[in-house]
Each structure stands twice: as C-alpha cells, then as structure tokens.
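Read through the structure below, which is laid out as structure tokens, and then see the notes.
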Amino acid sequence: MRLGNWDFKSFKYPWVLKEIAIFAGLAAIYFLTGKLSLRLAFYYVSATPIWPPTGIALAAFLFLGYRIWPAIFLGAFLVNVTTSGSIPACLGVAAGNTLEGLLGAYLVTRYAAGRFAFEQPRNIVFFALLAGVGSTMISATIGTASLFFGGSLPLENYAQTWLTWWLGDMAGAFTITPLIILWVENPRIEWNARKFLEAAFLSISLSLVAMIVFCGFFPSPVKNYPLEFLCVPFVLWGAFRFGRRGAATITLLLFAIALSGTLQGFGPFVRHSFNESLLLLQGFIGFVAVTSLVVAALVALREIAEEARLHLSNIVKSSEEAIIGTTLEAIVISWNKGAERIYGYTASEMVGHSLNAIVPKDRYHEVLWNMNRMAHGEALVQFETKRVRKDGVEIDVAATISPIIDDKKNVIGASTIVRDITERKKLEAQRIAQAQALEQSNIQLARREKIMRSLLEDLQASKNKLEEQKRSLQEANQRLESLSKLKDEFVSTASHELRTPLTAIREGISLIHDRVLGPINDEQYEFLSAVDENIDRLTELINNILDLAKIEAGRLVLSRKKVALEDLIRSSVESCKTLAGKRELRVEIDKVPEVFVDSNRVLQVLWNLFSNAIKFTDEVKGQIIFKLEKGEDGFVTVSVRDNGVGIAKEDLPKLFKKFSQVGEKMFHGTGLGLALCKEIVQLHHGDIWAVTDTDRGSEFKLTLPVYSTDFVLQESFAEHLDMAKRIGRQTIGVIAFNASKFIPGRPEDSAASRSKRLEQMADFFRKNVYPSDTVLTIDSEWILVLGIIETQGIVPMIQRLSLALEDWTETLADKPAAFSNDFGFSMYPQDGGDIRNLFETAKNSIHKSGKGHV
Amino acid sequence: MSKKYKILLVDDEPGILKMVTKRLEFEGYDVACAVDGEEALKKIKTEDPDLIILDIMLPKMDGYEVCRRFKEDSSHRKVPVILFTAMVQQKNKQMGFQCGADAYVCKPFRTHELLGKIKELLPKEGG
C-alpha cells in the first residue's frame with residue numbers, strides 16, 4: 001500500500017502512525033474551532049453561546065467510533081487550559097465534553113440509526129432530542145460544576161452559565177453535526193449549470209434577506225423588527241431543491257449571518273445582553289435546522305417514492321402486454337400502450353368508458369361474472385377468451401385479472417393484463433388438427449394392425465392345423481412305414497425260417513443222393529433227384545416271394561446306372577450255358593445306346609426268361625435266340641425267343657399274373673417268375689410282353705429305357721419325391737457341382753478317361769453324402785446331388801462336401817487351384833417343381849453370383 | 001499223401017451241423033464244430049483251422065461279429081471265411097463282405113457250390 005511517497009510497508013507500525021495522525025488532526029480541529037468560538041463567550045470565558053466542537057465531536061464519534069475519545073478529550077482540555085482555570089477544572093470540562101459526545105453518539109446509534117439519522121424525519125427528531133437536547137446537558141453540568149468547584153465560577157452566575165453552555169452545545173449539535181455527516185457521507189456535487197446558478201441565486205437571496213433581517217440593511221430607523229420569518233422560505237427552498245445537505249448548509253449560512261448581525265446589535269433577537277440575544281438566536285436556528293432537515297428528508301423520501309411510482313408506471317406504460325385498470329363496474333381507469341396496440345383504442349378513447357367496447361356482445365355476461373369474482377377478491381389467471389378490436393376483428397386473448405385492493409383491504413377495481421394469443425391459438429388449432437389427423441391415422445393403423453393380427457392369428461391357427469395334420473400324416477406315414485417294414489421283416493424272417501429247414505432237407509437228401517451215406521439203387525436215386533428239383537423250386541419260390549413282397553412294400557429300390565445292355569446279355573448267356581445243355585443259343589445284337597438300369601435286377605429278369613425258355617424247349621432241338629435292338633423312342637428292346645411249345649393266345653393275359661400256370665403243367669414253373677419280371681421291368685419304366693405262336697414257340701419281349709441325362713434326372717427326382725412323401729418331408733435339395741476343373745482338358749485325354757474321372761468323382765461324392773442321396777454325373781462335367789434335406793441344411797452340406805473335396809484333391813496329381821465356388825444349389829419346391837429347372841437354377845446360382853453359395 | 005485241411009464249421013442247427021460235417025469229412029477234410037459265436041472264437045484259437053464256414057444267425061455273438069473279430073486278429077487274417085446263411089438279401093451280403101468274409105453261400109445251398117468255394121479258397125495243394 002502506498003500513500004504518496006510514503007511506503008507503509010517499510011514502516012513497522014503504519015496503523016499506529018495513521019491513528020496518531022487522525023487523533024492529532026481531530027484534536028487540532030477541535031482545539032481550533034473551540035478557540036474560535038470562545039471568542040463569542042461574552043458571559044463567561046469558558047461558556048460560549050455557540051459551541052461547534054460539540055457537533056464535531058458527535059460527528060467524529062459517529063464516523064470513527066468511540067475509540068477516538070482521547071483526541072476529543074485532549075482537544076477540549078487544551079481549549080480550556082489555554083483559556084482560563086485550573087488544570088483540574090479544565091480536566092473536568094474536557095471530561096464533560098467527551099462524555100457528552102460519547103453519550104450522544106451512543107443514543108443516536110441506539111435509537112436514531114447512527115450516522116444515517118438524517119434520512120428519516122423520525123430519526124431527525126430523535127437526533128435533535130437525544131443528542132441535541134439530551135446529551136448536551138452532561139457537558140453543561142460537568143463543565144459548570146468543574147468551574148464552580150475550581151473556584152472560577154461564582155454561584156450567582158451558575159444558572160446562567162449552565163444555560164448558555166447547554167444551548168451553545170445544542171446549537172453546535174444542531175448545525176455542525178448534520179453538516180459534517182451529510183457532506184462526508186455524500187461529498188459529490190452532480191449539479192448542472194442551472195443547478196449551480198440556482199444555488200448561487202439561493203445563497204445570494206438568502207444572504208440579502210438575512211442581512212436585511214439581521215444586519216440592519218433595511219433602510220428603516222427601526223432596527224429590530226421581528227422579520228426572521230422572512231428567512232424561512234429560503235431555508236425551505238434549500239431543503240426542497242437541494243436536499244438535506246442544502247438545508248444544513250443554508251441553515252449554517254443563515255446562522256452565520258444572523259450571528260454576526262445579532263452580535264452587531266441588529267435583528268429581531270437583540271436584547272439587553274449579548275448572551276440573551278445569542279440564546280434567542282440559537283433557539284431560532286435550532287428550530288430552523290431541525291425543521292429544514294425534516295422537510296428535506298421528507299422531500300427525499302417523497303422523491304424516492306415518486307421515483308418508484310414513476311418506475312412502476314413506466315413499466316405499465318411500456319409493457320407490450322395490455323394492462324388495463326377498471327372499476328368493479330368495468331369502467332376503464334387506465335389503458336396502457338400495450339392495450340392501445342392490441343385493441344386499437346387509444347387511452348383517451350377508453351378511459352372513463354365501459355370495457356364493453358372491446359367485449360363481444362355474447363360475452364358481456366363474462367365481464368359481469370369476472371367483476372363479481374374480483375369483488376370477492378379472487379383473481380383469474382390466464383383466462384382465455386375472445387375480444388373485439390376497434391376495427392371489429394375478433395382476437396383471442398389470455399387475460400390475468402386481479403382485484404385491486406387498497407390499504408384498507410377493500411377491492412376498488414380490477415387490473416387486467418392481456419396478451420394477444422390469436423397466433424398461438426391458430427398454431428394450437430393447427431396442432432390440434434394435426435394431432436387429430438395423427439390420432440385418426442393411428443386409429444386406422446391400429447385397426448389395420450388389428451386386422452393384420454387377426455389375419456396372422458388365423459394364419460397361425462391354420463398353420464397349427466396344418467402342422468397338426470402334417471403330424472398326423474407323419475404319424476400315419478410312420479405307421480404305414482413301420483407296417484410295410486414289418487411286412488418286409490416278416491417276409492425276410494419267414495424266408496430265413498423256411499430256408500433253414502430246407503437246407504437240412506436238401507443236404508440230407510443230397511447226402512443220400514450222392515451216396516455219401518452208402519449205396520442206393522437207381523430208383524431211389526431218381527426219386528431223390530426229383531426231390532432235389534422240388535427243393536430248387538421251393539427255394540426259388542421263396543426268393544420270388546421275398547422280392548415281390550419287397551416290390552409291393554415299395555422297398556425294392558433300384559440302384560440304376562448307365563449300363564451297356566449288350567454286356568449284360570452276354571454275361572447272362574454265358575452263365576446259362578451249363579443249364580442249356582445241348583440247346584442252341586444265339587445272340588443277335590444291334591448297336592444300341594446304353595440303358596439306365598439296375599444290372600442285378602435286369603440279370604434276374606433275363607435269367608427268368610432264359611430258364612423259362614429252357615424249360616419249354618426240347619433238350620436237343622431247342623433253340624434260344626437273344627436279340628437286342630432299338631426300340632421305340634428312348635427305349636431298347638430285348639427279346640428272348642424259343643422254338644418251344646408256345647403259349648396259347650387265351651393264356652397270354654394270365655401270363656404275368658401271380659401264381660398262374662400256363663399250359664398243361666408239364667413243366668414246372670414257380671408261378672411267380674414272370675410276375676416278378678413284370679414288376680422289375682415296370683419299375684424301370686419298361687414293358688414286358690409275350691408274342692406267341694403255338695407252332696413256332698414263344699417270344700418274350702421287354703423294353704428298357706435308354707440312358708439320357710433328362711431321364712436320369714426325372715427318375716432320380718421322382719424317387720426322391722416318393723421317398724420324401726413316404727417319410728413325411730417336403731423339401732428336396734439339388735446341389736450342382738461343376739467338375740470341369742477336375743476333368744483333364746488336354747487333347748490327348750480321351751473321352752473315356754474324362755468320363756472315368758467324372759465317375760471317380762461321383763463315387764467320391766457318393767461316399768460323402770447320405771446313403772439315401774443320389775449322385776449323378778451329367779453332361780460330362782456336372783455332378784448332381786439330390787437329397788431330402790431342409791433348406792437350412794444345404795449350405796452346411798455343401799461346405800462339408802467342399803472340405804472333403806479339398807482333402808481329396810490333395811491326393812490328385814493335377815489338382816485344380818480353386819473349386820469351392822463351383823457349387824450351386826436349388827430347393828424343391830421353392831425353386832420349382834421340375835428337376836430340369838431345378839438343375840438349371842442350381843447351375844445358375846454359381847454363375848449369377850460368381851461366387852456360388854459357399 | 002496230401003495235407004488234410006481243417007475246416008471249422010459254425011452253425012447253431014445240429015442237423016445241418018451233422019450233415020455238413022458228414023459231407024466235408026466225406027470230401028476228405030478235418031472238421032471242427034462250434035454252435036455259437038463265442039465257441040467259434042475259442043475254437044479258432046485252439047483248432048487253428050485252414051478255413052471257416054460261419055453261419056450268421058448265431059447265439060451269443062452273430063457271424064458278422066465273429067468274422068470281424070477274427071479278421072482283426074493279424075495271426076489269422078489270411079484264413080478264409082465263408083459266410084453260410086439263410087439271409088439272402090443284398091444288404092446282408094454286403095455287410096458280410098464288409099466284415100471281411102471271403103465268400104457268401106446262401107442256404108439252402110447246392111453242395112457243389114459250397115465245395116467249389118472251399119476248393120477255391122483253400123491254398124493250392126503243395127503251393
């Protein structure tokens with residue numbers, strides 16, 4: 001902290017110094033003022049009719065606190081000791097002066113707001129009574145007592161001296177304390193030129209009048225007219241126009257002039273002695289001082305109140321909202337700018353008139369009702385209604401109406417604050433309309449959703465029903481399946497059980513017949529041969545029953561392949577050679593395409609026809625001709641012709657029926673052989689029939705289908721459909737694999753080696769799919785897998801195949817780089833019901849995506 | 001004199017066992033018999049046959065299982081097995097071959113068929 005060039009920080013006790021300065025200064029001021037005013041001590045040296053130090057002391061205590069008492073005491077002591085009297089008497093006087101100030105400050109602080117005493121008229125009066133009239137008695141009493149006991153105040157002068165002392169101190173307190181406090185409190189002067197001019201004019205006018213009244217300027221022989229009242233207006237002027245500071249200052253000015261005039265023997269207060277004159281003056285000045293201060297304080301309060309009122313009224317005036325004051329009879333009292341703006345009526349048009357001007361006719365009752373409410377002291381908040389503007393347009397408003405209640409709690413009117421909410425209402429209406437539209441569409445949606453839900457429920461119900469049906473169908477299927485399995489098992493068990501004793505019979509007969517057990521005669525041998533033959537027939541019968549049972553149970557599954565029929569015929573002829581004995585066997589074979597058949601079953605058929613031919617032909621002259629030729633479209637024809645007894649035309653229809661024997665029973669047939677042949681050929685979609693001529697023997701003909709991609713596809717697909725139906729499944733997967741990368745493409749590779757590789761791959765596939773799945777090779781580069789599988793199972797299956805294939809290709813010398821993308825698939829029935837299309841779809845699923853399904 | 005081959009004949013049917021034994025002995029073979037699967041496995045070890053004729057439907061252990069176990073044992077692996085059964089379906093045959101059987105003869109059999117297979121499977125004399 002710096003004060004001038006003095007650096008307090010470098011000094012050890014700066015506050016002590018400051019305190020000393022304050023104390024010394026205060027003591028000096030007190031001393032000098034005291035000395036000056038003692039000049040006016042006419043009656044007694046130590047008691048002067050005006051004693052400003054009292055005012056200084058009081059102000060100092062109020063501002064600086066009680067702690068400065070030593071300065072006051074010192075100042076007072078010095079004043080007295082340098083004037084007259086003994087030191088003890090002077091100490092007593094000083095103590096009186098100090099106590100007076102302390103008590104005054106205490107009382108003012110306690111009861112009159114301390115240094116803010118001059119803000120309220122009440123506090124000013126209290127100040128005057130407590131500090132001015134009350135505490136000053138202390139000083140007067142102690143002071144005169146000190147002097148009296150010091151011997152310097154004679155008893156006869158005591159009362160007069162006490163009074164002078166008291167009134168002098170009082171005058172000091174009345175004039176000096178307010179002056180100091182008010183000016184120290186607010187030393188700033190914010191006047192404009194006019195105000196300064198006014199202040200100057202006031203000072204001069206007052207001075208003139210005061211001089212006329214108190215200084216004998218009045219050109220009249222009479223010097224002591226009681227004209228002091230002439231000064232009052234000027235003091236009031238100061239109080240009104242310049243506030244408390246002005247009042248205090250003017251009072252002091254007046255006092256100064258009056259004092260000097262009175263001392264010179266002029267003015268209304270001049271009496272026999274100076275002292276008496278001064279006492280009167282003091283009374284006058286004290287009265288003026290208090291009055292002017294009170295007036296100034298009242299003015300200040302009024303100004304503050306006025307300012308607040310003005311502020312409030314400005315708020316009302318400048319409010320954007322309409323603020324309308326009415327009586328309880330709805331007569332307009334006030335009408336602000338906001339109201340003018342909203343309603344179009346000016347204040348002059350409305351004030352004094354009924355509010356009904358702005359109320360739609362159908363709402364008059366509303367105003368009555370509202371005012372009735374106001375009369376009961378109830379407010380209305382954000383009351384929304386309609387009003388009419390001056391131009392006749394109806395507007396929406398929100399009004400808050402409150403009763404106006406006076407100090408006596410009477411309702412004297414209503415204040416209405418109005419906001420124009422027409423725009424808001426419009427928006428609201430829009431919003432409501434939108435909300436309604438939304439609501440409407442929500443309702444519609446909800447209705448639709450309900451419909452959808454009930455549809456879904458229906459669907460679910462029918463789905464459940466279907467599921468149930470499916471389940472019961474599946475159960476039925478399972479029952480059928482188990483029934484047919486049971487039948488199958490029964491037949492095979494029966495067959496086994498029949499064969500076992502037959503084996504013993506045959507071996508027993510055979511042991512005798514072959515003379516293992518000892519010699520037998522020729523007749524015995526012959527009969528045993530017949531028995532053996534019958535055992536053969538019985539065995540064959542059992543075999544045929546088993547096969548037919550299987551076919552009827554639908555359990556005879558052909559395992560068909562591409563076969564050269566020529567090879568089958570040759571091998572069958574070869575195996576029959578022993579049985580044929582001396583009969584002539586001839587084979588006539590045309591070049592025919594390969595067929596799609598189950599080799600074992602076809603051999604069975606050929607064997608049957610062949611053994612029949614042998615049975616019905618002569619052992620020596622017999623001639624059997626096998627013929628292979630092209631048949632109808634897509635078929636090849638096999639014929640077995642003999643020169644035997646032939647078959648009567650009428651017997652032909654019975655030929656292929658079970659257990660029907662043709663002719664004269666001179667030859668043994670099983671009665672089941674041809675029936676079985678027919679079943680087998682028909683399973684192949686071929687046909688079998690007999691052409692007969694009793695003179696030239698008989699000819700059996702059968703057709704078998706030529707191998708073609710299309711046929712194979714159709715057949716395999718039909719098989720799977722059938723199988724799926726039997727086991728209660730709906731979907732069939734078709735996997736197409738493009739094997740071209742595996743097929744050697746070099747020119748030197750023969751077609752045979754390519755097809756061999758393709759078949760090799762197909763075999764690999766067969767090992768890696770379910771036994772019931774079918775693997776086909778198509779168009780010399782495709783491998784097709786057909787399987788009964790769910791949609792979600794097909795991709796894993798392809799992945800499995802792909803992985804297996806990868807392992808497999810590791811073993812190949814010329815393994816292709818990448819092939820996993822060469823898989824495609826399609827599903828029945830999702831992708832169609834025709835296998836050709838399904839195959840195409842599966843193929844396309846590779847090409848389309850470029851990546852296949854894996 | 002050429003070596004006499006020993007054949008182990010396994011069948012649970014006493015009549016068949018008796019008659020086939022008669023036939024085989026007549027044909028000049030030594031014959032050992034067993035009536036169930038477990039006995040068959042024991043006899044294989046004790047009798048050390050040159051060929052086994054094995055029924056499938058056997059008590060205790062079926063012929064497939066006997067065949068499989070027998071063929072798993074490296075010391076006997078080369079001894080031929082003829083399955084000899086009344087189960088004539090294709091699948092039975094396939095299963096038999098999968099178990100390591102060398103031939104399959106269906107009952108009721110023709111004597112020459114069985115004898116032919118035996119001759120075929122036994123090591124050639126002096127070979």
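Each chain gets a letter, A, B and so on, in the order its sequence line appears, and its residues count up from 1. Just so it is clear, the structure is predicted and the values come from calculations on it, not from any experiment.
Environment of CZ in B:Phe97: crowded, with over 12 heavy atoms of neighbouring residues, nucleotides or ligands closer than 6.0 Å. Other residues, nucleotides and ligands contribute over 12 non-hydrogen atoms within 6.0 Å of the NZ atom of B:Lys71. No more than 12 heavy atoms of other residues, nucleotides or ligands shown are found within 6.0 angstrom of CG on A:Asp522.
The line from CZ of B:Phe84 to OG1 of A:Thr503 is 6.5 Å long, rounded to the nearest 0.5 Å. Annotation: the span from A:Thr539 atom OG1 to B:Lys107 atom NZ amounts to 13.0 Å, rounded to 0.5 Å. For the atom pair OG1 (B:Thr111) and CD (A:Glu507), the distance works out to 4.5 Å, reported to the nearest 0.5 Å. From B:Phe26, atom CZ reaches atom CG of A:Asp514 across 7.5 Å, with rounding to the nearest 0.5 Å.
Residues B:Ala86 and A:His496 come closest through the heavy atom pair CB-CD2, 3.2 Å.
Side chain of B:Arg23 to backbone of A:Ser510: a donor-acceptor contact under 3.5 angstrom is found.
Neither the backbone nor the side chain of A:Leu498 comes within contact range of chain B; no heavy atom of the residue lies under 4.5 Å from a heavy atom of that chain.
Of residues 27-57 of chain B, those residues lying under 4.5 Å from chain A by any heavy-atom pair are B:Met57.
Ranked by heavy-atom pairs under 4.5 Å with chain A, the first of B:Lys22, B:Glu25, B:Arg110 is B:Arg110.
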